[in-house]
Amino acid sequence: MSNNKSYVVGFPRIGEQRELKKVLELFWSKKCDFSEVQRVASELKQRHWAYQRDADIEYISTNDFSLYDNMLDMAITLGAIPARFQELEGETLLFTMARGDNNRVAMEMTKWFNTNYHYIVPELSLEDKYQLNAKKIVEEYKEAKAFGITPKINIIGPLTFLGLSKRTDGGDAYELYSKILPIYKELLQEISLLDEKITLQIDEPILVKDLDIKVLSLVKPTYDALSCVASNIYIAVVTYFEHSSEATKILVNTPIWALGLDFLYGKENLATLELIASSDKVLLAGVVDGRNIWKNDFESTSELVNIITQKIEKDKLLLATSCSLLHTPFTLKYESKMDTEVKNWLSYAVEKLEELSLLTQLTLKAKASLSQLQTQTLELNKAANHSRKTSKLIHDKSTQERVQNYTQLVREGSYEERIKIQKEQLGYEDLATTSIGSFPQTPELRKARRDFKSGDLSEVLYEKKMKEYIDECVAFQEECGLEVLVHGEPERNDMVEYFGEQLKGYGFSQNGWVQSYGSRCVKPPFIYGDISRPKPMTVSWSSYAQSKTDKIMKGMLTGPVTILNWSFVRDDMQRGDVSKQIALAIRDEVDDLQNAGIKMIQVDEAAFKEGYPLREFKIAAYEEWAVRDFKIAVSAAKVQTQIHTHMCYSEFNDIIKTIEAMDADVISIETARSGNELLKIFAEVGYKQEVGPGVYDIHSPRVPSVDEMVKQIEKLLEVLPKEQLWINPDCGLKTRKWEEVKPSLINMVKAVKIIRDKV
Ligand code: GLN
Ligand code: ZN
């Protein structure tokens, strides 16, 4: 075993060429056997171990691999199988829990803390029996041993497992603590038989949240109990994404071996160093960013490590990634098209291994032990970070000055003044019908965009195709009687990428895939420099669409907070400052649109809510700049220009005041699946602006009937008056087919007619 003393919390599994994705999708479409999936999986595991071993990482994980998701694996390990799946086994069980089949609905999926990774939500109930199934963990450990490494084992801890589960019989998942903990103990028993000495990483990210005393009071009994199971297991309790100070204070008094803390996203962890030092715990210090793509700045990280070593003795310290590298793309190796200056600032998972290893050498060992290659890497690192501080690609004086001096944070007129004028001038009826923006993205559209990008389709022909599609969208909307039209967004591949590609300061990768859920990966663009808008981005499409109809054509933009939250963001500037730059670019677009005759403009903030910090004490700061920047983005709007926004969810209870403060004239939200329950908060707080609660769920191919939507609208009318309501689907229609969209919208318009005749 190396004694480099570096610790990797976890590694991506999808494969550097998304091999796992590809084989899973083949298997699901019955184009290969499961044995092929197993073959690829084991090849990937070995390759990933080899990357870590070759980078001289001492602590390499097993069971960070998964064919779908680690929470799902943990549920299966604990025997937490919902009744509807119990007759299944093996891979059929696993994939049916994740994806459902004709007879069984899939388990729910939700975001893993504030990342874009989604986990499967375990379903627990008091009646269910739980039973250990350690097969996957045991086999993977043996596989790694046979490969020639002595790995650690990663599992999700009982407090996090329970905290993220839902009770199907009502009540709190922690009530199942006494049923679940014994299974964990059995698991540890089984693990203890695997080797003479074993490191067990227990992930407890739930401990970074503001926990109530009930949960905190479980920390000590849990880790006292688990530490007692077997003396040959070295338990490391690992947290990430925020500080976990409250739990640290408790964990130092349990017999665990080590504590893993994130010092990048949880600086407050520094305040617990003394306490850790006075205990016998080893510290796994997360100092290499597992959530972003920038090259580590060795100078500033060395300073951070210095602060840590002032308190913690070096032999009780290991350097670690701040969280699993799952949240970063795999390797820069395939980025052949990227600007070399920009590429030189980046570091993906494989490159981060080298960084971690080198940082350990640099800070925890005598400098003399650096090899020539390492010394060279060090120099290159310095140069790269220096170039980021000075490069013209990043620093744009005129943008910085404009952002600094921009003072118009609020648009003209109060809501009452605006809405009066808008209702007069725009003349839409109560319960006005509209849609959220996109219409079906057909294979022909995708191909046209692809061919245009690659140069196989001329600009003239490309434009012609897009315009034909817009014509069809307009014609259909007029025919079915929608009142406020959209152009359909045929030119957009993605609501963030489309704007990113036109903004200065944005970069795109070829192979920067990150797992989002199951086999699905996303390739977020990255913001490396000051953002500005060289020229209008949407005006020609919107004006064209408006020229084709006498009805109102709604302009369609993505808001600054969403653009930010769905990108990798530069780390040399506060997020709020980056967001303000984007806001100004959008502001100019809003102005250009209204000057071109567009009377309604929707600024989508689909990701506004997911940007919320994990800890309460940071929320006020987030809300302050997020609301400010939405307002800046629409600040140029004249009183008569109606500003819409759209948000892809419906739980507004915690943030309703913030939504109100954004002061959009109309907000459309996703309430179709929950009747009118989630709308009630708008009435309760006396929300004044107009609201378009989705009346049907676009996430399913089902065509809703007229009757069904009539009932849905009646329910909405129980909560808000008709003067305040808009009628629309629940989100954009780009993932649907025309044969679903057409009858659905026709039915929606009919339903509104019926209601209007009644009330
Ligand atoms: N205007 C976008 C669309 O219709 C909004 C999508 C979203 O918010 N996710 O596709
Ligand atoms: Zn949406």
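Small disclaimer: the values here were computed from a predicted structure and weren't measured. Note that ligands are numbered from 1 as they come in the structure, with each ligand's atoms numbered from 1 the same way.
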Checklist entry - Would S567 and Y506 count as a side chain to side chain donor-acceptor pair (under 3.5 Å) if you check the C-alpha gap in whole Å, the side-chain angles of each, and the deciding distance to 0.1 Å? => result CA-CA 9 Å; S567 305; Y506 248 100; 2.7 Å; yes

key: Flag side-chain contact, heavy atom, 4.5 Å: Y415 against E690   = yes

Here the atoms of ligand 1 under 4.0 Å from any heavy atom belonging to S438 are 3 (C), 4 (O), 10 (O)

Short version for C648: what comes under 4.0 Å of ligand 1, heavy atoms counted, is side chain

Ligand 1 to G437, heavy atom cutoff 4.0 Å, flagged ligand atoms 4 (O)

Review point. Are the side chains of D69 and M107 in touch, meaning some heavy atoms are under 4.5 Å apart?
Key: no

shortest atom 1 (N) of ligand 1-to-protein heavy-atom contact is with D604 OD2, 2.7 Å

If we number the atoms of ligand 1 from 1 as shown, the ones under 4.0 Å from a heavy atom of G732 are 3 (C), 4 (O), 10 (O)

Numbered in order shown, the ligand 1 atoms found under 4.0 Å of a heavy atom of C731 are 7 (C), 9 (N)

At under 4.0 Å between heavy atoms, what of M647 touches ligand 1? The answer is neither

Q) Are F241 and H327 close enough that their ring centres sit under 6.0 Å apart? A) yes

Closest non-hydrogen atoms of S635 and R587, given as atom of the first, atom of the second and distance, are OG-CG, 3.7 Å

One finds that the ligand 1 atoms under 4.0 Å from a non-hydrogen atom of M495 are 6 (C), 7 (C), 8 (O), 9 (N)

- Is it true that K464 and E468 make a salt bridge, defined as a side-chain N closer than 4.0 Å to a carboxylate O? yes

Compute both the distance and the angle, then confirm whether K580 meets the cation-pi test with Y406: under 6.0 Å from the six-membered ring centre, within 45 degrees of the axis.
no

One finds that the ligand 1 atoms under 4.0 Å from a non-hydrogen atom of H646 are 7 (C), 8 (O)

I want to know if ligand 1 touches E489 in the polar sense, i.e. an N/O pair below 3.5 angstrom. yes

